[in-house]
S.K.: 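So that we are looking at the same thing, I have put the structure below in structure tokens.
Here the structure is a predicted model, which is why all the values come from computation and not from measurement.
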Amino acid sequence: MSHRVPLILSRISWYLLCSVFGVTMLVPLVWMLSIALKPDSDILALPPEFWPSSFEWENFVVGPQVINFYQLAGNTLVVTGLFTVGAVLSSMLAGYAIARIEFPGRKALFYAFVFTMFIPPIVTLVPLQRMYIGLGLNNTWWPLFLHGFFGVPLFIFLARQFFASIPKALDEAALIDGATHLQVFTRIILPLTKPLWITMTILAVQSSWNDYINPLVYLQSPEKYTLSLGMASFLGSLHAGVDATYNYYMASNLLYMLPVLLLFFFAQRYFMLGLGSLGMTQK
């Protein structure tokens, strides 16, 4: 009994600490919801009040209409979908080739991919912009997703780590029976690596959905804006004093956050399993 008391106290302390951090992280979200539900007269009230004087649920209807949310969301869905498909598919194929197929220089190629993970994206922004302008792709969606089809270094690293943990006897048996590498990849490797490509999908969706720099650099036409750029433009008009409808902005911002949060909520188990591949032993 004397040994169980310190264990119980340590668990209680751990739960209390996690609760404090959890509440701290939820406060900004609750404050956003409070502003989203306030009427216009309460937005700039001094001193600010946390609890709305009345709950204006129609802000979640009017706000998206004012910001042109649904057109921006459609643009973002197209860009995010194309980037996710290209990034996950190309990275999985590259990781499979490096981990499962013997060819000269594969280790050097893998280390080259790992090295590029340490290059800040801002360093390559100007060269890529000049390249896309030279190709005539400025003010189009192509620069927002095309790079995904050439592989993402982090995804290739994850794929190689995951694939290296799978016994090669499975590949050899299938190849002896007449299967091709494509058949091995689609019929054997993919079903065994479900946590991996779900993790990649979550990371790719989050990266593209929240991307602000690339749309800011490449897009000039408002009808082609993504949600991140459209929301930032609307916020800029608020700061400029054009309007004070922060309730509309917060309501739309909550809707903007919702898809990524739901995706992570329903796939978090596979996400944690996929990240566990980082600690797998390389072969």
Side-chain angles (χ1 to χ4, degrees), residues 18-19 21-40 42-43 50-52 54-88 141 144-145 148 152 195 197-216 219 222-239 243-275:
C18 291
S19 299
F21 280 110
V23 170
T24 304
M25 296 178 65
L26 286 175
V27 166
L29 185 62
V30 175
W31 182 251
M32 288 178 61
L33 181 60
S34 173
I35 296 177
L37 293 174
K38 286 182 178 181
D40 295 341
D42 291 355
I43 297 299
F50 181 80
W51 198 258
S54 63
F55 292 90
E56 304 291 334
W57 293 101
E58 62 269 17
N59 290 343
F60 285 92
V61 177
V62 179
Q65 293 175 351
V66 172
I67 299 176
N68 199 19
F69 181 89
Y70 299 108
Q71 180 182 349
L72 298 175
N75 297 345
T76 309
L77 282 173
V78 172
V79 172
T80 300
L82 291 172
F83 174 79
T84 301
V85 170
V88 173
W141 290 339
L144 307 184
F145 66 84
V152 177
W197 51 263
I198 289 180
T199 299
M200 289 184 179
T201 300
I202 294 174
L203 293 175
V205 169
Q206 187 270 338
S207 174
S208 182
W209 188 266
N210 295 328
D211 186 17
Y212 171 70
I213 295 296
N214 286 317
L216 179 65
L219 299 180
E223 65 273 9
K224 297 180 181 178
Y225 281 2
T226 59
L227 267 174
S228 59
L229 188 56
M231 296 289 291
S233 300
F234 183 76
L235 182 61
S237 67
L238 295 181
H239 291 335
D243 205 345
T245 53
Y246 288 97
N247 48 357
Y248 294 162
Y249 173 77
M250 288 301 179
S252 300
N253 214 3
L254 287 170
L255 295 177
Y256 174 37
M257 296 165 52
L258 190 60
V260 177
L261 291 176
L262 290 177
L263 177 63
F264 178 78
F265 178 78
F266 287 109
Q268 59 180 317
R269 180 167 65 93
Y270 296 105
F271 181 75
M272 300 308 297
L273 289 173
L275 290 183

S.K.: Whether the side chain of S207 engages the backbone of L203 through a donor-acceptor N/O pair (distance < 3.5 Å, no angle test) should be reported.
M.R.: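 No, the answer is negative, given that no donor and acceptor are paired below the 3.5 Å cut-off.
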S.K.: Using distance only, find each side-chain donor-acceptor pair of residues 29-39 under 3.5 Å and give its atom names and separation, not counting sequence neighbours.
M.R.:
| residue | atom | partner | partner atom | Å |
| --- | --- | --- | --- | --- |
| S34 | OG | F50 | O | 2.3 |
| K38 | NZ | E49 | O | 2.3 |

S.K.: I'd like to check the side-chain hydrogen bond (donor to acceptor under 3.5 Å, both in side chains) partners of E56; sequence neighbours left out, ordered by chain and number.
M.R.: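 Scan of E56 (side-chain hydrogen bond (donor to acceptor under 3.5 Å, both in side chains), adjacent residues dropped) gives S54.
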S.K.: Supply the atom-to-atom distance F69 CZ to N253 CG, rounded to the nearest 0.5 angstrom.
M.R.: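 So the CZ of F69 and the CG of N253 are separated by 9.0 Å.
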S.K.: Show me the side-chain donor-acceptor pairs of residues 256-264 shorter than 3.5 Å, one per line, residues at least two apart or across chains.
M.R.:
| residue | atom | partner | partner atom | Å |
| --- | --- | --- | --- | --- |
| Y256 | OH | W209 | O | 3.0 |

S.K.: Is the closest side-chain heavy-atom distance between S208 and L144 below 4.5 Å?
M.R.: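 No, too far: nothing below the 4.5 Å cut-off.
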S.K.: Could you report the tightest heavy-atom contact between Y225 and S233, atom names first, then the distance?
M.R.: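 Minimum heavy-atom contact is CE2-OG, 3.7 Å.
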S.K.: Quick one: CE on M250 to CG on N247, what's the gap to the nearest 0.5 Å?
M.R.: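 Here the interatomic distance stands at 10.0 Å.
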S.K.: Specify the closest pair of heavy atoms between P64 and L255, including all atoms of both residues, with the distance to one decimal.
M.R.: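 Distance-wise, the nearest heavy atoms are CG-CD1, 3.6 Å.
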S.K.: What heavy-atom pair brings K224 and L219 nearest, and what distance separates the two atoms?
M.R.: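 Smallest heavy-atom distance, with atoms named: O-CD1, 3.2 Å.
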S.K.: Where do I67 and S252 come nearest, in terms of heavy atoms and distance?
M.R.: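 Smallest heavy-atom distance, with atoms named: CD1-OG, 3.2 Å.
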S.K.: If you define the side chain from C-beta out and look only at heavy atoms, does anything of F60 sit under 4.5 Å from L254?
M.R.: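 In contact.
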S.K.: With sequence neighbours left out, which residue pairs that include part of residues 66-78 fulfil the side chain to side chain donor-acceptor pair (under 3.5 Å) condition?
M.R.: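 Passing the test, one end in residues 66-78: N68-Q71.
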S.K.: Using every non-hydrogen atom in the two residues, find where P222 and L72 come nearest and quote the distance to one decimal.
M.R.: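 Where P222 meets L72 most closely, the heavy atoms are O-CD2, 4.4 Å.
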S.K.: Please name all residues satisfying ring pair (Phe, Tyr, Trp, His ring centres under 6.0 Å) with F55, sequence neighbours left out, ordered by chain then number.
M.R.: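 Ring pair (Phe, Tyr, Trp, His ring centres under 6.0 Å) list for F55, sorted by chain: W51.
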S.K.: For Y212, check ring pair (Phe, Tyr, Trp, His ring centres under 6.0 Å) against everything at least two apart and list the hits.
M.R.: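 Once residues adjacent in sequence are excluded, Y212 has no partner under the ring pair (Phe, Tyr, Trp, His ring centres under 6.0 Å) criterion.
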S.K.: Minimum heavy-atom separation for T226 to D211, with atom names?
M.R.: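 Distance-wise, the nearest heavy atoms are OG1-O, 4.4 Å.
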S.K.: Assess whether side chain to side chain contact (heavy atoms under 4.5 Å, CB included) is satisfied between V85 and F145, documenting all intermediate values.
M.R.: CA-CA 9 Å; V85 170; F145 66 84; over 6 Å; no
